[in-house]
Number of protein chains: 2
Amino acid sequence: MMPFKEMARLDKLIHEPARLSIMSALEACSMAEFLFLQELTGLTKGNMSSHLSKLEKANYVLIGKSFLRKKIPQTTIQITPTGSQALIEYWKQIDHIREITKQWSQETSIAFPG
Amino acid sequence: MMPFKEMARLDKLIHEPARLSIMSALEACSMAEFLFLQELTGLTKGNMSSHLSKLEKANYVLIGKSFLRKKIPQTTIQITPTGSQALIEYWKQIDHIREITKQWSQETSIAFPG
DNA sequence: TGTATTTAGTTTATAATGCAAACTAGTTAA
DNA sequence: TTAACTAGTTTGCATTATAAACTAAATACA
């Protein structure tokens, strides 16, 4: 297949920058609180919340709600094995795309020099 | 800055997969015809056309219209120096993000082992 | 005690965007 | 002469990212 068609297959759930940053942060922390994650990513609360919902729906993250000292609500987020795998796949695909694009570029410059 | 905030700054004009494939293809070819580019990327004509318009508006590509044997319209597309630079910057930023994310990940696992 | 503010999120409304179907304008075929 | 093809553009629709508005509970303070 032509290398460029491969880009259309990138996992859009991960590709979106806000979610890519969430997923990357979660891959680094084994578990993160909502507010900590918000600070790391710089997203607004509403934005965080809706992106997390999408990731949860895809089973990329696990969201746990509990209460601190039985009072203050605390939401914790973990990446799931599915999510972790998807992130790895995503970067692998990015690498592959860059590699074959570079190859194709070289072949083209040989075929049509100057 | 936290690494994850950097993702929000990715050039969205290039980040979008359809346009990333257009830009990558154009970086490889010095000049491409509309239909050739369409075949390379697998995009529909309508889709190609609107993405190219956006890239043109940003001065990332140069679009030339001419007529083959004075009859058949032929659109040729070239990447501009601005576009080429933007693409290079984009990949540089991706690399940087991955690097600092990896670093941050290591630091975190030292700070919070287990 | 009551009311004002803060905290921790969720829901809603909006604006932007990607996408292909429908359209345009010209060419060739039957 | 009308039907079908070519090379693209425009339009309308569905999806999506975003922040503002909202909810529900806890605390401050007067």
Side-chain angles (χ1 to χ4, degrees), chain A residues 4-26 31-58 60-78, chain B residues 4-26 31-58 60-78:
Chain A
F4 313 108
K5 286 183 186 171
E6 196 144 333
M7 299 184 195
R9 298 228 216 97
L10 283 168
D11 184 342
K12 294 236 173 86
L13 206 61
I14 290 184
H15 190 64
E16 203 288 318
R19 287 189 298 265
L20 183 56
S21 66
I22 291 174
M23 291 293 283
S24 300
L26 288 174
M31 184 180 283
E33 292 167 28
F34 187 98
L35 294 177
F36 179 54
L37 207 53
Q38 196 202 330
E39 205 199 331
L40 283 181
T41 60
L43 298 170
T44 61
K45 286 185 287 191
N47 209 353
M48 267 287 293
S49 180
S50 59
H51 282 305
L52 284 177
S53 293
K54 284 180 190 175
L55 292 171
E56 189 184 29
K57 214 168 279 177
Y60 282 8
V61 305
L62 192 68
I63 298 179
K65 280 153 217 266
S66 60
F67 291 84
L68 213 59
R69 303 192 335 265
K70 297 190 178 175
K71 290 187 170 178
I72 301 165
Q74 197 192 29
T75 302
T76 57
I77 303 112
Q78 299 175 72
Chain B
F4 313 109
K5 286 185 186 171
E6 196 144 335
M7 298 185 196
R9 298 227 216 97
L10 283 169
D11 184 343
K12 294 235 172 86
L13 206 61
I14 289 185
H15 191 63
E16 202 288 317
R19 286 189 298 263
L20 183 55
S21 65
I22 292 174
M23 291 293 283
S24 300
L26 289 175
M31 185 180 283
E33 291 167 29
F34 187 99
L35 294 176
F36 179 54
L37 207 52
Q38 197 201 329
E39 205 199 333
L40 284 180
T41 60
L43 298 169
T44 61
K45 286 184 286 189
N47 210 352
M48 266 287 293
S49 180
S50 59
H51 282 305
L52 283 177
S53 293
K54 284 178 190 176
L55 292 171
E56 189 184 29
K57 214 168 281 179
Y60 282 8
V61 304
L62 192 68
I63 299 179
K65 281 154 215 265
S66 59
F67 291 85
L68 213 60
R69 303 189 340 263
K70 296 190 180 175
K71 290 185 171 181
I72 300 163
Q74 197 192 28
T75 301
T76 58
I77 302 112
Q78 300 174 71

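Numbers restart at 1 for each chain; the letters A, B, ... are given by sequence-line order, proteins then strands.
Taking atom CG of L13(B) as the reference point, atom P of dG18(C) lies 8 Å away to the nearest angstrom. M48(A) has its CE atom 20 Å from the P atom of dT12(C), to the nearest Å. Here dT27(C) presents its C1' atom at 15 Å from CD of Q74(B), a figure rounded to the nearest Å. Atom CD of Q38(A) and atom P of dT10(C) are 11 Å apart (whole Å). Between K45(B) atom NZ and dC23(C) atom P there is a gap of 15 Å when expressed in whole angstrom units. We find that CG of L52(A) is positioned 11 Å from C1' of dG9(C), with the value rounded to whole Å. At whole-Å resolution of the value, CZ in F36(B) and P in dG8(D) are 14 Å apart. Atoms NZ (K65(B)) and C1' (dT24(C)) sit 13 Å apart, rounded to a whole Å.
Under the rule for a ring-ring contact (aromatic ring centres under 6.0 Å, His included), the partners of H15(B) that lie at least two apart in sequence or sit in another chain are H15(A), Y90(B). Shown here are the side-chain hydrogen bond (donor to acceptor under 3.5 Å, both in side chains) partners of E33(A), two or more places apart in sequence or in another chain: Q74(A). Take I63(A) and apply the side chain to side chain contact (heavy atoms under 4.5 Å, CB included) test, not counting sequence neighbours, and it matches L52(A), E56(A), V61(A), K65(A), T75(A), I77(A).
Within 4.0 Å of L43(A), counting heavy atoms only, lies no atom of the nucleic acid at all. Within the nucleic acid shown, T75(B) comes within 4.0 Å of sugar-phosphate atoms alone, with no base atom in reach, counting heavy atoms only.
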As a quick check of understanding, evaluate side chain to side chain contact (heavy atoms under 4.5 Å, CB included) for Y60(A) and I22(A), giving each step before the final call. CA-CA 11 Å; Y60(A) 282 8; I22(A) 291 174; over 6 Å; no
Could you walk me through whether M7(A) and T41(B) pass the side chain to side chain contact (heavy atoms under 4.5 Å, CB included) test, one step at a time? CA-CA 9 Å; M7(A) 299 184 195; T41(B) 60; over 6 Å; no
Check the pair K54(A), E16(A) against side chain to side chain contact (heavy atoms under 4.5 Å, CB included), reporting the backbone distance first and the verdict last. CA-CA 12 Å; K54(A) 284 180 190 175; E16(A) 203 288 318; over 6 Å; no
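Panel note: side chain S24(A), backbone L20(A); a donor-acceptor pair is recorded below 3.5 Å. Remark: side-chain polar atoms of S49(A) are not paired, donor with acceptor, to backbone N or O of K45(A) under 3.5 angstrom.
When the local axes at the two ends of the helix from dT1(C)-dA30(D) to dA30(C)-dT1(D) are compared, using 5 base pairs at each end, they differ in direction by 30° after rounding to 10°.
Heavy atoms of other residues, nucleotides or ligands lying less than 6.0 angstrom from CD of E39(A) number 12 at most.
A distance of 11.5 Å separates NE2 in H51(B) from CG in L37(B), rounded to the nearest 0.5 Å. A distance of 8.5 Å separates CE of M48(B) from OG of S21(B), quoted to the nearest 0.5 Å. Atoms CD and OG1, on Q38(A) and T44(A) in that order, are 7.0 Å from each other to the nearest 0.5 Å.
The side chain of T44(A) sits closest to dA19(D) out of dT9(D), dA19(D), dT10(C).
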Under 4.0 Å protein heavy-atom contacts per nucleotide of nucleotides 12-17 of chain D, with B for base, S for backbone only and - for none: ----SS
Would you tabulate the nitrogen or oxygen pairs shorter than 3.5 Å linking the protein to nucleotides 22-24 of chain D?
none

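Residues S53(B) and L35(B) both approach DNA chain D. Their nearest nucleotides, taken by heavy-atom distance, put L35(B) toward the 5′ side.
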